[in-house]
Student: 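Can you keep this structure in mind? I'll have questions shortly.
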Amino acid sequence: MKLKIAKLPGDGIGPEVVEQAVKVVDAIARKFGHEVEYSFGLVGACAIDATGNAFPEETFKICLNSDAVLFGAVGDPRYDNDPTAKVRPEQGLLAMRKQLGLFANLRPVETFSSLVHKSPLKAELVDGADFMCIRELTGGMYFGKKGREDNGDTAYDTNIYHRYEVERILRLAFEYAMRRRKLLTVVDKANVLESSRLWRQIAQEMAPQYPEVKVEYIYVDNAAMQLIRCPKNFDVMVTENTFGDILTDEASCITGSMGLLASASIGEHTGVFEPIHGSYPQAAGKNIANPLATILSAAMMFEYAFGLMEEGKAVRAAVAASIDEGFVTEDLAEGGIARSTSEVGDWVASKILNS
Ligand code: IPM
Ligand code: MN
C-alpha cells in the first residue's frame, strides 16, 4: 500500500520524537511491503519564525494532500510569559485541528504491567486500567468568541457548543462503547453550565439508540477524583474540549509517564496523530525525551488512517518489548540505564524488523 504521510515535527522535542516514529514507520513499511512518501511541513514557533504564521497555508495544503499527519509538539518559552504576543505557536495546532475538521481526539489510557510501579498511584489501582478518553476538539472555549473589554481589563472566552457538534462526538463515543465494554461516561458540569446541559440532554436523547450501552453522567470535578481513585471503573469517557484537555493530562499519571500517551485526532479531513505531551523545551536537542508516545501515535495512524491493524499491533508489541526489557529513556529508567531518544527509536525499529 502507498502511505502518504505529512511530517510536522513542530517545536522543542517535536523533531526528535517524530524522527523516531519515522524510523518505526519505515521499519513497518519494509516488513509489510508498503511504500511511504513523506512531505514536511512547518507548524508552531518554527513556522512563525519562517513565515509569520503558526499554520501556514502551505502546511495546510500538505496535510490535505496526505493520508495522515504525524505531528510532534508546538510551543516555545519565548511566548509563554508574553501575554501580549499577537501570534502564538499553539495557534498553529488549533488552526490545524479546526481547518482539518478534527473534532474527535482519541486518547487511549493503557497500562503496561511492567510499569505500574512507576505510577504515583498504588499499583493495584492502576494495573489493568484500560479506557478511552474521547475529547471534543474543535469547539467549546478554545474556539468560542473571546476578547477584552474595558480597555483590556475585562476578558472573556465563550464556551459555546452547537447541537451538531455535540451529536457527532457523542455518536462516535457511543459507537466506541459498543465495540468495547459498553460503558460510556459522559463528563460535564451540568449543575452549573448551560453548554453542559445541552450535552447531557443530547446524550439522553441518543442513549435509547444504544440500549446495550450503560451511560453514566458525572460532573467534571468528580471525574477528576474518580480518575485517580478508581481508573479501572472507566471504559469510554467523552467530554468537551477544555475538560478533556485537563483530564487527559491527569490520566497520563495512571500509566506512569506523560511520555507514553498517544492520540489520534480524526474528523472530516486528514487525521493527525500526536503525542499528548507538549514541546518540553528544557529537553529539546538533548536526545533524552521519551519517543514512545509518538511511536504509539504512529501505531494509531496505521490503524485509524490506513486500517492496517497488523501493522499497528506490531508497533505496540515492539514498544511493549522495549518497556519490558527496560530499554527506555530516563523518565522510565529508574535505576537502570537511561537510553537516549534515538537509541529507543532504533531499538523499537529493529525489534520490528527482527520479529
Ligand atoms: C494538547 C495541548 C494543546 C491543547 C495546546 C498545546 C494548545 O495541551 O494537545 O492537549 O490545549 O489542546
Ligand atoms: Mn493538553
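Counting starts at 1 for both ligands and their atoms, in listed order. Keep in mind it's a predicted model, so treat the numbers as computed, not measured.
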Student: Which residue and atom name correspond to the protein heavy atom nearest atom 3 (C) of ligand 1, and how close is it?
Tutor: Leu93 CD2, 3.9 Å
Student: Determine whether any heavy atom of Gln91 lies closer than 4.0 Å to an atom of ligand 1.
Tutor: no
Student: Tell me if the NZ atom of Lys313 is crowded by more than 12 foreign heavy atoms within 6.0 Å.
Tutor: no
Student: Counting heavy atoms only, which of Glu90, Arg97, His277 comes nearest to atom 12 (O) of ligand 1?
Tutor: Arg97
Student: For the Mn ion (ligand 2), which N, O or S atom of Asp245 is at the shortest distance?
Tutor: OD1
Student: Answer yes or no: does an N/O atom from Asp245 fall short of 3.5 Å to an N/O atom of ligand 1?
Tutor: yes
Student: Tell me if the CZ atom of Arg30 is crowded by more than 12 foreign heavy atoms within 6.0 Å.
Tutor: no
Student: I'd like to check which ligand 1 atoms, numbered from 1 as shown, lie under 4.0 Å from a non-hydrogen atom of Arg107.
Tutor: 1 (C), 9 (O), 10 (O)
Student: Checking side-chain polar atoms at under 3.5 Å, does Asp26 have a donor or acceptor matched by the opposite partner on Tyr38?
Tutor: yes
Student: For the CD atom on Glu58, are there more than 12 heavy atoms of other groups (residues, nucleotides or ligands in this structure) within a distance under 6.0 Å?
Tutor: no
Student: Salt bridge or not for Glu240 and Lys189, using N-O below 4.0 Å?
Tutor: no
Student: If the test is side chain to side chain contact (heavy atoms under 4.5 Å, CB included), which one of Leu93, Asn105, Thr270 qualifies with Ser265?
Tutor: Asn105
Student: Give me the residue, atom name and distance of the protein heavy atom closest to atom 11 (O) of ligand 1.
Tutor: Tyr142 OH, 2.6 Å
Student: Short N/O distance, under 3.5 Å, between Glu274 and ligand 1?
Tutor: no
